Number of protein chains: 2
Amino acid sequence: MKSGPNYARLAALIGDPARANMLSALMSGLALTARELAQEAGVQPSTASGHLKALTTAQLIECQKQGRHKYYRIANQETATAIESLQVLSEHNGLLRVRPGPKDPALRKARVCYDHLAGDMGVRLYESMAARDFFKVAADGISLTDVGEWFVHDFGVDVQQCMALRRPLCLACLDWSVRRHHLAGALGAAILKVAFDRDWLRRDTRSRLLRFTTVGEMAFREAFPIMS
Amino acid sequence: MKSGPNYARLAALIGDPARANMLSALMSGLALTARELAQEAGVQPSTASGHLKALTTAQLIECQKQGRHKYYRIANQETATAIESLQVLSEHNGLLRVRPGPKDPALRKARVCYDHLAGDMGVRLYESMAARDFFKVAADGISLTDVGEWFVHDFGVDVQQCMALRRPLCLACLDWSVRRHHLAGALGAAILKVAFDRDWLRRDTRSRLLRFTTVGEMAFREAFPIMS
DNA sequence: TCAATAATTCGGTCAGGAACGAACTATGAA
DNA sequence: TTCATAGTTCGTTCCTGACCGAATTATTGA
């Protein structure tokens, strides 16, 4: 069997551990160089070069040349969505392999996961909203309740616009550093955007690290209190 | 590199052509036997058995024993969503390999694609709605317009409920028999359901074939006219 | 009970592709 | 110019895993 559906080729491409590591790194939303990606994947630059060529040819990532560096990033929303849905799937089926979280406490606290908030603060957001019944948790996923919709609207998110997007609105994404959920999907992205707009936090230019401002952290903790 | 993210293993599983063929067959929503799936994948039963074991272990499919047969089907919505998003991705990046459509004219006309309508009639539905500006077609996907929302509401679809689902509302899925789009996603599923409820069409028990009733076909053609 | 069919297990073969290092090109800095 | 670094190409090695056929274990129907 060598000829299958079109998507099989893409899945195989994503399915190689080295390439998947590269894609995971790029899911931070950052553009990374070939060397950094080789590092991330744990292979030699020559090997990485081949993988990057394959991913670029398949248009899963794209490349921008800048001086003697080549910066790679996820090519489009479809690719990000596909990888996200695979992540969700791998979490859902419970066959998780343990994966060591980041050592850096700052990274454990808050980092970006493609375009939404992950780390302790991401978990706090998710659990705070869940405790207030802003989500309905069904067997096959989560959805926004009416009170939840009011809340995010008050928070400053245009819910209608989020719903109109192609992406699923709510996704519960397992946080690999703490083994608990944070909020992904269009809503997760929108909330992070509001937080950026209000200057609650800023993005590190070289990593997926997010740094809260002093004021921002207080406001965030107030908006998403731990319900006991 | 042998240890990667959790989802890499799943992607690799989906990425093998034989297994992808099986999954595609199961995306019809039907439960199929091991032999049928071997046939579908073009491999010997012994080989298929191994693949099915792997897919079952990974909880991508599940198995129900019935006499001396074993019926397999897609295990859950997450799996279907992941495969759908890979399908969308493979279409989007334009690297389509030509794939021969089904020979059977009845299958070309109307068949089920997991839970929505595919084939000529599926394309008709999509294009009829697109021509009336019921979708907004953006670079990264399609979304329902206000008039579109009114239309599907009048048609009998509970749009709010669809939006509350985890699935993307609208997805344009490339039809491999005619190389044109049909409507997937929660909305596509909901519309097909309405059509079933009205007995416009019925499902063949042994294949992914959909048969329109005489009355149903007329009604469908009226509801989704070809706009010129 | 026996024959037929569904499915699985096992052993052996083989190809694809992932990995590496060495040699090469390109860019920028000293 | 010369050196250092980024990235690629190429040839080689090696291992995983897909595949088949034969034998084995169910289950049904005659």
Side-chain angles (χ1 to χ4, degrees), chain A residues 1-5 8-26 30-58 60-73 95 97 206, chain B residues 1-5 8-26 30-58 60-73 95 97 206:
Chain A
M1 238 309 82
K2 64 172 188 178
S3 91
R9 182 163 207 79
L10 293 178
L13 228 37
I14 299 174
D16 174 75
R19 284 190 296 260
N21 277 326
M22 293 176 171
L23 290 171
S24 289
L26 292 173
L30 291 175
L32 300 173
T33 68
R35 272 193 123 70
E36 289 168 326
L37 289 168
Q39 180 87 17
E40 198 74 36
V43 295
Q44 295 303 313
S46 60
T47 305
S49 178
H51 286 314
L52 290 170
K53 191 177 184 179
L55 290 172
T56 308
T57 306
L60 292 177
I61 61 177
E62 53 187 26
C63 177
Q64 190 178 355
K65 209 173 165 185
Q66 203 167 109
R68 58 179 162 180
H69 292 279
K70 282 190 171 183
Y71 286 93
Y72 291 91
R73 61 175 171 221
L95 297 178
R97 226 86 61 72
R206 297 289 304 159
Chain B
M1 239 307 84
K2 64 173 187 179
S3 91
R9 182 164 207 78
L10 292 178
L13 228 37
I14 299 174
D16 174 75
R19 286 191 294 263
N21 276 326
M22 294 177 170
L23 290 170
S24 289
L26 291 174
L30 291 175
L32 300 173
T33 68
R35 272 194 123 68
E36 289 168 326
L37 289 167
Q39 180 87 19
E40 198 73 36
V43 295
Q44 294 303 313
S46 60
T47 305
S49 179
H51 286 313
L52 290 170
K53 191 175 184 179
L55 290 173
T56 308
T57 306
L60 292 177
I61 61 177
E62 53 188 24
C63 176
Q64 190 178 356
K65 209 174 164 184
Q66 205 168 104
R68 60 179 160 180
H69 291 280
K70 282 190 169 182
Y71 286 92
Y72 291 91
R73 62 177 169 218
L95 297 178
R97 227 85 59 74
R206 297 288 305 159

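From a predicted model like this one, the values you see are computed outputs, not experimental measurements. Proteins get letters first, then strands, A, B, ... in listed order; numbering begins at 1 in each.
Residues passing the side chain to side chain contact (heavy atoms under 4.5 Å, CB included) test with B:Gln44, sequence neighbours excluded: B:Ser46, B:Thr47. Applying the side chain to side chain contact (heavy atoms under 4.5 Å, CB included) criterion to B:Thr56, with sequence neighbours excluded, gives B:Ile61, B:Tyr72. Scored by the side chain to side chain contact (heavy atoms under 4.5 Å, CB included) test, B:Arg35 finds B:Thr33, B:Pro45 as partners (sequence neighbours excluded). Contacts of A:Arg73 classified as salt bridge (charged side-chain N to carboxylate O under 4.0 Å, His left out), with partners at least two apart in sequence or in another chain: A:Glu62. Residues that satisfy the side chain to side chain contact (heavy atoms under 4.5 Å, CB included) test with A:Ser49, not counting sequence neighbours, are absent from this structure.
Taking atom CE of B:Met22 as the reference point, atom C1' of D:dA18 lies 11 Å away to the nearest angstrom. Atom CD in A:Gln39 sits about 12 Å away from atom P in D:dG7, given to the nearest Å. Whole-Å rounding puts the A:Arg35 CZ to D:dA6 C1' distance at 6 Å. Summarising the geometry, the separation between CZ on A:Arg9 and C1' on C:dG16 is reported as 12 Å, rounded to the nearest angstrom. Here D:dG17 presents its C1' atom at 12 Å from CG of B:Leu13, a figure rounded to the nearest Å. Rounded to whole angstrom, the span from the CG atom of B:Leu37 across to the P atom of D:dC19 amounts to 14 Å. Rounded to an integer number of Å, the gap from CD1 of A:Ile14 to C1' of C:dA18 is 18 Å. Distance B:Gln44 CD to C:dT9 C1': 15 Å, rounded to the nearest Å.
Nearest heavy-atom pair, B:Leu10 versus B:Ala58, reported as atom, atom and distance to 0.1 Å: CD2-CB, 4.1 Å. Residue A:Ala25 comes nearest to A:Leu32 through the heavy atom pair CB-CD1, 3.8 Å, listed as atom of the first residue, atom of the second, then distance. Across A:Ala8 and B:Ala20, no two heavy atoms sit closer than the pair CB-CB, 3.5 Å. Of all the heavy atoms in B:Ala38 and B:Ala48, the pair that sits closest is CB-CB, 3.5 Å.
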Under 3.5 Å, N/O pairs linking protein and nucleotides 12-16 of chain D:
none

Just the atom pairs and distances: protein N or O near nucleotides 23-29 of chain C's N or O, under 3.5 Å.
unit_1	atom_1	unit_2	atom_2	d
C:dT27	OP1	A:Lys65	NZ	3.4
C:dT27	O2	A:Arg68	NH1	3.3

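Using a 4.5 Å cut-off on side-chain heavy atoms (C-beta onward), B:Leu37 and B:Leu26 make contact.
Near DNA chain C, defined here as any heavy-atom distance below 4.0 Å, the residues from residues 46-55 of chain A are A:Ser46, A:Thr47, A:His51, listed numerically.
Between the side chain of A:Arg19 and the backbone N or O of A:His51 there is no donor-acceptor pair closer than 3.5 Å.
Taking the side chain of A:Asp16 as heavy atoms from C-beta on, and the options D:dG7, C:dA19, C:dT8, the nearest nucleotide is C:dA19. Residue B:Val43 has its side chain nearest to D:dC20 when only D:dC20, C:dT8, D:dA18 are considered.
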